[in-house]
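Encoded as structure tokens, the structure appears first; notes follow it.
Below, chain A is the first sequence line, B the second, and so on; all start at residue 1. As a basis for the values below, the full set of heavy atoms in this structure was taken, side chains included, without hydrogen atoms, waters or symmetry mates.
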Protein chains: 2
Amino acid sequence: MARSDSRYREAFNRMLDRCAVLSVGAPLPPEAALGAEIGVSRTVVRRCLARLTEAGVIAWDGRQKHVLRHPAAADRIALGGVSADRDQLEQRFLDWILRFDVPPDTPLSVAELARNFEVAQHELKEFLAGLSRFGLVARRPQGGWMLRGFTKDFAVELSDFRLVLELDAVAKLVEAAPDHPVWPRLAALREAHHALAGRIETEFHAFSKLDEAFHDAVNSVVRNRFVTEFQKVISLIFHYHYMWDKTHEKQRNAAAIAEHLAIIDALEARDAPRAAEAARQHLRTSKSTLLSSLRHHDLG
Amino acid sequence: MARSDSRYREAFNRMLDRCAVLSVGAPLPPEAALGAEIGVSRTVVRRCLARLTEAGVIAWDGRQKHVLRHPAAADRIALGGVSADRDQLEQRFLDWILRFDVPPDTPLSVAELARNFEVAQHELKEFLAGLSRFGLVARRPQGGWMLRGFTKDFAVELSDFRLVLELDAVAKLVEAAPDHPVWPRLAALREAHHALAGRIETEFHAFSKLDEAFHDAVNSVVRNRFVTEFQKVISLIFHYHYMWDKTHEKQRNAAAIAEHLAIIDALEARDAPRAAEAARQHLRTSKSTLLSSLRHHDLG
DNA sequence: TCAACGGTTTTAAATAATTTAGGACAAGAA
DNA sequence: TTCTTGTCCTAAATTATTTAAAACCGTTGA
């Protein structure tokens, strides 16, 4: 009928813990102090105090409140299932779209999705509203939501946008101070790339993670909330598509490693034009890989 | 108690119109056909038919349904106030923040905002969820929303991001085909700029709109949903700040006109480096204007 | 005397319940 | 057989209700 009282339940248990460390007969701090301590409003504190009184753990009369006995395990109240946090929803949602290859223009049922992901409907709606800013989903005129999906257009525009952002990052990186923390990161990445190149015959699957780490490092020099927000989506999408398209995976990954190393070389040489050109080349490859993986999906 | 039936009300009135053009005794099309015609589901159609029968406008028995009399004006049902559309909400919300200079870290009351803007609470929540992707608002841990607001950091990051997008647009524009529709637009804008420059003593306020039109034209060559989405927010924010900061407005606008013309010159000459440099110069000015307007607000 | 604390009330946010709309399926008429 | 309607089920929109937060005010005790 109404909202859950999990906030109260959790607060009550924490209040029990609070009483456990006090000796019998000791006074409790004022309501406001307890609220601040537990991170909850006075209203909740008072509800908890009332229950503690009822359970005989404390005596409470106005300002006089002191511990009567130490709380037992039986005094605790069970709290409902832990709700999954917000960030995970994003991961799981994109995972669902990409892994099950949901086609574009699919109507999305908020009710069904909320059930599957085990989140409240309004949370999912909020999430979709956020995604709609990226053009990944849209509202339908009759109501409800629709997946605009990973069409060819989407992939092209995403890749183009990524190119713009990443070229900017590369340009900034070349100008970065010598003591910038990105340089050790790049050096470590260079080693990791060389190491993987040596084991490419057997471990080419490990490249996907390395790719993510590389682009993350490059973009780390750009301190911009808009860029950061986009990178999250971009990296997820490219990450999954890497895992998908199994055609010539070994060759592709070997080539990508070489491209990454070329970028690192140019960056460490502080050669802006060469770095830009290397990045452009790599993203061109990336884009065509993304597009070809979409074509495979269209056909199959 | 439940959702509004405005969809049904509107459909009913349109159904009346539909009957009015039929002669008395004529049969009505099947339910599905009516639904398609009016753009509504069969459920609604059947509700309307039931009411029409009750009102004696039609006779309805299974497949037999025909007009009994022409509908009168009294048959219509009044429909509730027209709900404002979604796009306007965005405008009005940003308008509110900027015009009333809501400080950063203000808690936003969904209930109050919904009242003021005369929209349903959940619509506003959806909207806020969308904005949170741009980092303009954020959820508070205890629940509710908070305006992160136009801090200095926000302005800097926004300007930087704008620079990245716009330099890309300029680069693309230089490469645009000679018959691209952007060229006539730029030519018209050049005239408009010259015209305003002549009247700058008295009509410098008109520049804000011209600025918007100029940047819109430049960005029109980039066909990218992500860029488009951002431009909407960017142009709104810069637009309002132009209107605010009244210090040296005339000189600033005159200077900006010159900067715009320099960009147009370089673009029409297809001189990529010069165009980029001119754009960079203009956006630098823009950024410092935005920042100084924020400083004024901090002090006052 | 005043500052801190608690009682009370007002208001908002979260969420379940309720109502309307959409769509699927089956049965029946043409 | 095919189109149409009757019926039912599910989902989305929207309100109502419950919980939480916060403001206000009186009172107590140092």
What nucleotide, of C/dG22, D/dT5, D/dT15, holds the atom closest to the side chain of B/Arg46?
D/dT5
Would you check if the side chain of B/Asp75 reaches a backbone N or O of B/Ala72 as a donor-acceptor pair within less than 3.5 Å?
yes
Which residue, B/Val40 or B/Gly144, contacts DNA chain C at a nucleotide closer to its 5' end, judged by nearest heavy atom?
B/Gly144
Whole-Å distance, B/Glu112 CD to C/dA12 C1', equals 10 Å
Do A/Arg92's NZ or CZ and the ring of A/Phe117 fall within the cation-pi criteria of under 6.0 Å and 45°?
no
Gap between atoms CD and C1', on A/Gln64 and C/dG7 respectively (whole Å):
16 Å
To the closest 0.5 Å, what do you measure between CD (B/Glu31) and OG1 (B/Thr43)?
9.5 Å
A/Val110 side chain: which of D/dA12, D/dA21, C/dA21 is closest?
D/dA12
With the side chain defined as heavy atoms from C-beta on, A/Trp60 is closest, among D/dA20, C/dG7, C/dG6, to C/dG7
Residue whose closest nucleotide on DNA chain D lies nearer the 5' end, B/Lys65 versus A/Ser109:
B/Lys65
Can you tell me the distance, in whole Å, between the CG atom of B/Leu124 and the C1' atom of C/dA14?
15 Å
Nearest-Å distance, NE2 (B/His122) to P (C/dT19)?
18 Å
According to the interplanar angle, ranging from 0 to 90°, do the rings of B/Phe226 and A/Phe154 count as parallel (below 30°), tilted (30 to 60°) or perpendicular (above 60°)?
perpendicular
Nearest to the B/Arg140 side chain among C/dG22, D/dA22, C/dT8, which nucleotide is it?
D/dA22
In whole Å, what is the span from the CH2 atom of B/Trp145 to the P atom of C/dT11?
24 Å
Any idea which of D/dT15, D/dA21, D/dT19 is nearest the A/Ser41 side chain?
D/dA21
Counting the atoms with a prime plus P, OP1 and OP2 as sugar-phosphate, which does A/Leu108 contact under 4.0 Å by heavy atoms, base, sugar-phosphate, or nothing?
sugar-phosphate
Using atom CG of B/Leu49 as one end and atom C1' of D/dT4 as the other, report the distance to the nearest whole Å.
13 Å
What I want to check is whether an N or O donor and acceptor connect the side chain of B/Arg42 with the base of D/dT4 at under 3.5 Å.
no
Rounded off to whole Å, could you give me the CD-to-C1' distance for the B/Glu126 and D/dA13 pair?
10 Å
Looking only at C/dG7, C/dG22, C/dT15, the nucleotide nearest the B/Thr43 side chain is C/dG22
side-chain N/O A/Arg7 vs D/dA21 OP1/OP2, d < 4.0 Å
yes
If we ignore hydrogens and angles and just use 3.5 Å, is the side chain of B/Glu126 paired with the main-chain N or O of A/Ala129 as donor and acceptor?
no
Closest of D/dA13, D/dA20, C/dA14 to the B/Lys125 side chain is C/dA14
Cation-pi, A/Trp145 ring and A/Arg140 (6.0 angstrom, 45 degrees):
no
d(CD, B/Glu123; C1', D/dA13) in whole Å
10 Å
Out of D/dA20, C/dG7, C/dA12, which has the shortest distance to the side chain of B/Arg115?
C/dA12
Between A/Ala32 and B/Ala111, just flag the one whose closest nucleotide in DNA chain C comes earlier from the 5' side.
A/Ala32
Can you find an N or O donor on one side and an acceptor on the other, under 3.5 Å apart, linking the side chain of B/Arg63 with the base of D/dT4?
yes
